[in-house]
Number of protein chains: 2
Amino acid sequence: MSLRHALLGLLAEEPASGYDLTRRFEELLGRVWPAKHPQIYQELGRLAGAGLIAVDSEGPRRRKVYRVTPEGLAEVRRWLADDDVDHTVRLEPLLRSFFLWLLPPEQARAHLLAEAAFFEEQARVLRAAAAAKDYDATPALQSVRVAIESGLRLYGALGGWAAWAATVPPAAKPVRDM
Amino acid sequence: MSLRHALLGLLAEEPASGYDLTRRFEELLGRVWPAKHPQIYQELGRLAGAGLIAVDSEGPRRRKVYRVTPEGLAEVRRWLADDDVDHTVRLEPLLRSFFLWLLPPEQARAHLLAEAAFFEEQARVLRAAAAAKDYDATPALQSVRVAIESGLRLYGALGGWAAWAATVPPAAKPVRDM
DNA sequence: GAGCGCATGTAAAGGGTTACATGATTCT
DNA sequence: AGAATCATGTAACCCTTTACATGCGCTC
């Protein structure tokens with residue numbers, strides 16, 4: 001049920017088409033909530049059916065620009081204030097880490113170093129994004145800045161963890177070769 | 001495709017039934033990769049069909065204990081060594097943070113403080129788990145320790161972030177009431 | 001007019017949750 | 001005898017991805 005609310009949230013900032021929203025997911029929300037165009041178009045249809053959004057204007061190439069309705073705005077706010085949040089951190093690299101003892105130590109170490117490099121690179125990208133513009137111009141931009149900060153800290157923590165994990169010496173009992 | 005490999009990884013440690021695996025997901029892997037029993041039983045069926053696991057023994061109440069086959073073990077290792085990792089951090093609280101500007105500042109602040117409390121509590125739980133036993137006894141346990149460390153650092157970072165975010169003053173332009 | 005990017009959609013398949021259902025064993 | 005827990009499974013539904021498909025508008 002998060003996609004629906006994310007769409008409402010994006011439309012609360014400004015009216016947009018399915019195509020616009022798809023790109024915003026790619027560049028802005030994709031790290032924490034990926035969504036491809038078929039799902040977005042489908043969900044826009046449902047939201048329009050439910051009266052939470054409405055067609056604002058139609059442009060060339062069948063382009064339909066949606067805006068959020070007062071009911072839609074109320075619904076995002078309800079969602080945001082709601083306190084039954086799903087705190088699951090679905091993260092494949094961490095799942096893998098539970099099973100790294102199955103690899104020969106060197107291979108596990110190489111894997112962790114590659115992960116560390118990846119996370120540090122992501123942190124660098126976000127640091128650059130944070131410095132790139134003035135996020136105090138609008139409330140929406142300020143929220144983006146706060147969200148970027150979370151990514152920055154998260155990737156920093158993950159990078160540090162992976163680098164540390166790569167240094168942990170293999171346990172006494174070696175993995176038996178298959 | 002991660003569930004299948006997680007099951008193989010768990011069975012690589014020791015043979016187990018669907019019921020056992022369901023509980024291990026709940027207590028061990030649930031934070032990063034939730035899985036309910038219907039999915040687990042279904043996937044066990046597929047894995048058995050593919051010859052990656054086999055029935056080790058049958059017990060009372062139709063209990064079937066599976067063990068990983070050499071092919072299955074090779075498959076987890078292939079997965080672990082494979083470097084096309086999905087780095088998506090699917091995390092609802094971060095998605096929400098992009099839209100917090102839609103709430104009145106006090107409400108947003110209260111929400112962030114509740115999140116901070118939650119993450120700090122989780123970090124505390126994991127700190128206790130890390131101190132609870134000797135993780136050097138087996139390679140598998142050592143990997144669990146490393147995985148716990150990632151959670152510790154992650155929740156620490158998220159807790160710090162949420163506490164900081166709660167202190168960010170609202171932007172100049174106030175949110176227009178609907 | 002050829003090619004590219006814009007823009008929208010449908011269909012099929014896979015992954016995951018919820019609800020329903022059943023029966024065996026153990027404990028009180 | 002009744003309740004709780006063990007243990008497995010099916011069916012329906014929702015969420016998400018991948019593949020397929022189409023046509024418009026702009027630029028060279």
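Residue numbers begin at 1 in each chain, while the letters A, B, ... track the order of the sequences.
In this structure, OG on A/Ser2 lies 5.5 Å from CH2 on A/Trp79, to the nearest 0.5 angstrom. Separating the CG atom in A/Leu95 from the CG atom in B/Asp86 is a distance of 11.0 Å, to the nearest 0.5 Å. From B/Leu8, atom CG reaches atom CZ of B/Arg78 across 10.5 Å, with rounding to the nearest 0.5 Å. Here the CH2 atom belonging to B/Trp33 is positioned 9.5 Å from the CZ atom belonging to A/Arg96, to the nearest 0.5 angstrom.
DNA chain C is contacted by no residue of residues 4-25 of chain B, taking any non-hydrogen atom closer than 4.0 Å. Contact check of residues 35-52 of chain B against DNA chain C (heavy atom, cut-off under 4.0 Å) returns B/Ala35, B/Lys36, B/Pro38, B/Gln39, B/Arg46. A heavy atom lying under 4.0 Å from DNA chain D marks none of the residues of residues 81-96 of chain A.
In this structure, A/Ile40 and A/Gly18 approach most closely via the heavy-atom pair CG2-O, 4.1 Å. Annotation for A/Ala147 and B/Ser97: closest pair CB-OG, 3.5 Å, computed over non-hydrogen atoms. Nearest heavy atom pair, residue A/Glu120 against residue A/Gly159, reads OE2-O, 3.7 Å.
A/Glu26 meets the salt bridge (charged side-chain N to carboxylate O under 4.0 Å, His left out) test with no other residue; sequence neighbours excluded. Remark: A/Arg46 engages A/Glu43 in a salt bridge (charged side-chain N to carboxylate O under 4.0 Å, His left out) (not counting sequence neighbours). Every residue was checked against the side-chain hydrogen bond (donor to acceptor under 3.5 Å, both in side chains) condition with A/Gln39, not counting sequence neighbours, and none meets it. B/Arg109 pairs by the side-chain hydrogen bond (donor to acceptor under 3.5 Å, both in side chains) definition with nothing, not counting sequence neighbours. With sequence neighbours excluded, no residue satisfies side-chain hydrogen bond (donor to acceptor under 3.5 Å, both in side chains) with A/Arg90.
Screening B/Leu11, B/Thr69, B/Leu52 against B/Leu47 for a side-chain contact (heavy atoms from CB on, under 4.5 Å) leaves a single residue, B/Leu52.
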Could you list all N or O pairs between the protein and nucleotides 23-28 of chain C that sit under 3.5 Å apart?
unit_1: C/dT25; atom_1: O4'; unit_2: B/Arg61; atom_2: NE; d: 3.3

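A cation-pi geometry, defined here as NZ or CZ lying under 6.0 Å from the six-membered ring centre and within 45° of its normal, holds between A/Arg153 and B/Trp164.
A/Leu3 has its CG atom 16 Å from the C1' atom of C/dG16, to the nearest Å.
First and last contacting nucleotides of DNA chain D toward chain A (any atom under 4.0 angstrom from a heavy atom, 5' to 3' order): D/dC15 to D/dG25.
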What pairs of donor and acceptor atoms, side-chain ones from residues 57-64 of chain A against any protein atom, are under 3.5 angstrom apart with sequence neighbours left out?
unit_1: A/Arg63; atom_1: NH1; unit_2: A/Ser17; atom_2: OG; d: 3.3
unit_1: A/Arg63; atom_1: NH2; unit_2: A/Asp20; atom_2: OD2; d: 2.9

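In this structure, B/Glu106 places its CD atom where only 12 or fewer heavy-atom neighbours from other residues, nucleotides or ligands lie under 6.0 Å away.
Using a 4.0 Å cut-off between a side-chain N of Lys or Arg and a carboxylate O of Asp or Glu, A/Arg24 and A/Glu14 do not qualify as a salt bridge.
With a cut-off of 3.5 Å on both pairing distances, the Watson-Crick and G-U wobble pairs of DNA chain C assemble into stems of 3 or more at C:1-28 with D:1-28.
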